Amino acid sequence: MPAATHSTGTATVVGGGPAGLMAAETMAAAGFAVTVYEHKSSFARKFILAGRGGLNITHSEPLDRLLARYGPERKFLESAIRSFDSEQLRGWCKELGEPTFVGTSGRVFPDSFKATPLLRAWLQRLDAMGVDFRPLHRWLGWNSHVEGRGLLFSSPLEQQFEVSSDVTVFALGGASWPRVGSDGSWVDRFVDQGITVNHLRPTNCGLVVSWTSVMVEKFAGVPLKNVVVSVGDERSRGDVMVTASGLEGGPIYALSRAARAELDFNARCIVGVDLQPDLTFSQLWERLEQRRRPKDSLSTLLRRSGFDPVAVGLMREAMSNELPTSEMGLASLAKLVPVLVTGLMPIDRAISTAGGVAFDEVDQNFMLHKLPGVFVAGEMLDWEAPTGGYLLQASLSIGVAAGRGAIEWLSTSR
Ligand SMILES: Cc1cc2nc3c(=O)[nH]c(=O)nc-3n(C[C@H](O)[C@H](O)[C@H](O)COP(=O)(O)OP(=O)(O)OC[C@H]3O[C@@H](n4cnc5c(N)ncnc54)[C@H](O)[C@@H]3O)c2cc1C
């Protein structure tokens, strides 16, 4: 854990996900009496959910490339991520008895490929540091305007009670997968305080396509293997899953920001699918010519030329079942099959959330201008990033930065 200046004070952390727990650790390390309130019966449930995929905790690429993944919000996050970067994060995991390894794509995972051992060790460490955990405590809002310190909670024992402390860190998450805890219900309470919160929307999510019944019956649940998908200039490669209601999978999630912008502008979006990314248009055209037999149907020709049935199905779907008959026509379609997307899949199944507390509302330490002594951390803030470990990296780095900001603010305001 990065060193912090020693001072004492009382801190309330609202939300026991990775960002909140990291802020708690930072402040407890500086001698603060920290209490973490969490409305679920256990902590960091989304972190545990992320562990089902192996817990991709950060990425090993050079820092500048990693920072570029945060797009236009990089400028707000850079200082926090530089101060607790991927190397420091990996060191922190190791200290907790969970060393990490770099996977083939550069993604970083704990050796155990799980979240539970890391979380268990982390909670034990926080407990040993004196952090007071209050599960089943739901934050309801503020009681008064007095510097945002009168926090109202409910618990199984008390319908409503008030808590105040020297500093508060909110880390209530976004609104994806509400069943594991973060449901976005904090938004109205923040707006009531005059704080701008940009609309919470799905990101790293699937895209809605109105397939014909033929496509659904034959190919729902079948992956399009090794394709390149694109929206405008954005491209992403890998396996894409055809589902009954659209397209899912890593390459699609990577395009969701670009697709959202296009949908906002045009109410529709075309995703291009390159079914043969390892061949140029001319190579594919040549291959089709070479492999054609006089009596071949178009489907047989395509299958003999390396197309899976689902790929042929996608080409037929895009052309209302009227495939081009020339090799040149087939090659140009296969290099860019247009798929009409009409929306984003609902936020409750998205990996993460776009929107949140506007960066204009916080200072460089993530303290709310309108509520001095009150900090905001993690996915509650209006940033987004692709999958690849960037979400946890930023959430944890902001947790450290907000915790340090709270320590600094209290020492200067006293
Ligand atoms: C299926 C899935 C897989 C993922 N995999 C990865 C991955 O491999 N790598 C990666 O980098 N990211 C991954 N993520 C994203 C990552 O988990 C989140 O970005 C991260 O958890 C955000 O941390 P946070 O602390 O800001 O918010 P959260 O983890 O959402 O924590 C917020 C906490 O606040 C609590 N809370 C909410 N409202 C209240 C209230 N009113 N009172 C009290 N408590 C409240 C919630 O219960 C929750 O515990 C994944 C997400 C999903 C859904």
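Numbering of ligands and ligand atoms starts at 1, following listing order. Source: prediction; values computed, not measured.
Remark: minimum distance from atom 23 (O) of ligand 1 to any protein heavy atom is reached at P18 CG, 3.5 Å. Nearest protein heavy-atom neighbour of atom 34 (O) of ligand 1: G15 CA, 3.4 Å. The protein heavy-atom contact nearest to atom 27 (O) of ligand 1 is G173 CA, 3.3 Å. For atom 42 (N) of ligand 1, the closest heavy atom belonging to the protein is W139 N, 2.9 Å. Protein heavy atom in closest approach to atom 7 (C) of ligand 1: N56 O, 3.7 Å. Closest to atom 48 (C) of ligand 1 among all protein heavy atoms lies E38 OE1, 3.4 Å. Distance from atom 53 (C) of ligand 1 to its nearest protein heavy atom, with residue and atom name: W177 CD1, 3.2 Å. Looking only at protein heavy atoms, the nearest one to atom 5 (N) of ligand 1 is A50 CB, 3.2 Å.
For M380, the closest heavy-atom approach to ligand 1 does not fall below 4.0 Å. Residue contacts with ligand 1 do not include G53, since none of its heavy atoms lies under 4.0 Å from the ligand. Within the 4.0 Å heavy-atom shell around ligand 1 one finds R138.
Side-chain N or O atoms of T10 include one that pairs as donor or acceptor with a backbone N or O of D166 at under 3.5 Å.
No side-chain donor-acceptor contact under 3.5 Å links Q393 and S86. Counting only N and O atoms by type, the side chains of R316 and S299 include a donor and acceptor under 3.5 Å apart.
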Open item on the list: Let's go through S395 and E379 carefully: what are the C-alpha distance in whole Å and the side-chain angles of both, what is the deciding distance for side chain to side chain donor-acceptor pair (under 3.5 Å) to 0.1 Å, and is it a yes or a no?
Closed with: CA-CA 6 Å; S395 298; E379 239 186 88; 5.1 Å; no

Open item on the list: Is there a salt bridge (Lys or Arg N to Asp or Glu O under 4.0 Å) between R349 and E248? Walk through the geometry before answering.
Closed with: CA-CA 11 Å; R349 294 308 294 258; E248 296 272 351; over 6 Å; no

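Under the ring pair (Phe, Tyr, Trp, His ring centres under 6.0 Å) criterion, W122 pairs with W92, not counting sequence neighbours.
Remark: ligand 1 atoms within the under-4.0 Å shell around heavy atoms of S395 are 19 (O), 22 (C), 23 (O). Close approach to G378 involves these atoms of ligand 1, each under 4.0 Å from a residue heavy atom: 26 (O). With ligand atoms numbered from 1 in the order given, ligand 1 contributes 42 (N), 43 (C) to contacts under 4.0 Å with heavy atoms of H137. The atoms of ligand 1 that sit less than 4.0 Å from any heavy atom of A19 are 25 (O), 26 (O). If you number the atoms of ligand 1 from 1 as listed, the ones under 4.0 Å from a heavy atom of L172 come out as 32 (C), 34 (O), 36 (N), 37 (C), 38 (N), 39 (C), 40 (C), 44 (N), 45 (C).
Here the straight-line distance linking atom CD1 of I270 with atom CG of L340 works out to 4.5 Å at 0.5 Å rounding. Separating the CD1 atom in I252 from the OG atom in S236 is a distance of 8.0 Å, to the nearest 0.5 Å.
Across G181, A171, G20, heavy-atom proximity to atom 32 (C) of ligand 1 is greatest for A171. Across the listed options L151, L49, N204, L49 owns the non-hydrogen atom lying nearest to atom 1 (C) of ligand 1. The closest heavy-atom contact to atom 44 (N) of ligand 1, among the options R349, E379, H39, comes from H39. Within the set I351, T58, I48, L55, the minimum heavy-atom distance to atom 51 (C) of ligand 1 is found for I351. Of the candidates L391, L140, I57, the one placing a heavy atom closest to atom 15 (C) of ligand 1 is L391.
Proximity of L21 to F133: side-chain heavy atoms (C-beta onward) are separated by under 4.5 Å at one or more points. Looking only at side-chain heavy atoms (C-beta outward), T212 and E317 come within less than 4.5 Å of each other.
With a 4.0 Å heavy-atom cut-off, ligand 1 is reached by no atom of R52.
A salt bridge links E95 and R125; the closest N-O separation between the charged side-chain nitrogens and carboxylate oxygens is under 4.0 Å. Salt-bridge formation is detected for the pair D64/R82: a Lys NZ or Arg NE/NH1/NH2 atom is positioned less than 4.0 Å from an Asp or Glu carboxylate oxygen.
Nearest heavy atom pair, residue L298 against residue P324, reads CD1-O, 3.7 Å.
Every N/O-N/O distance between K40 and ligand 1 stays at or above 3.5 Å.
By the 30° and 60° cut-offs, the orientation of the rings of W139 relative to W142 is perpendicular.
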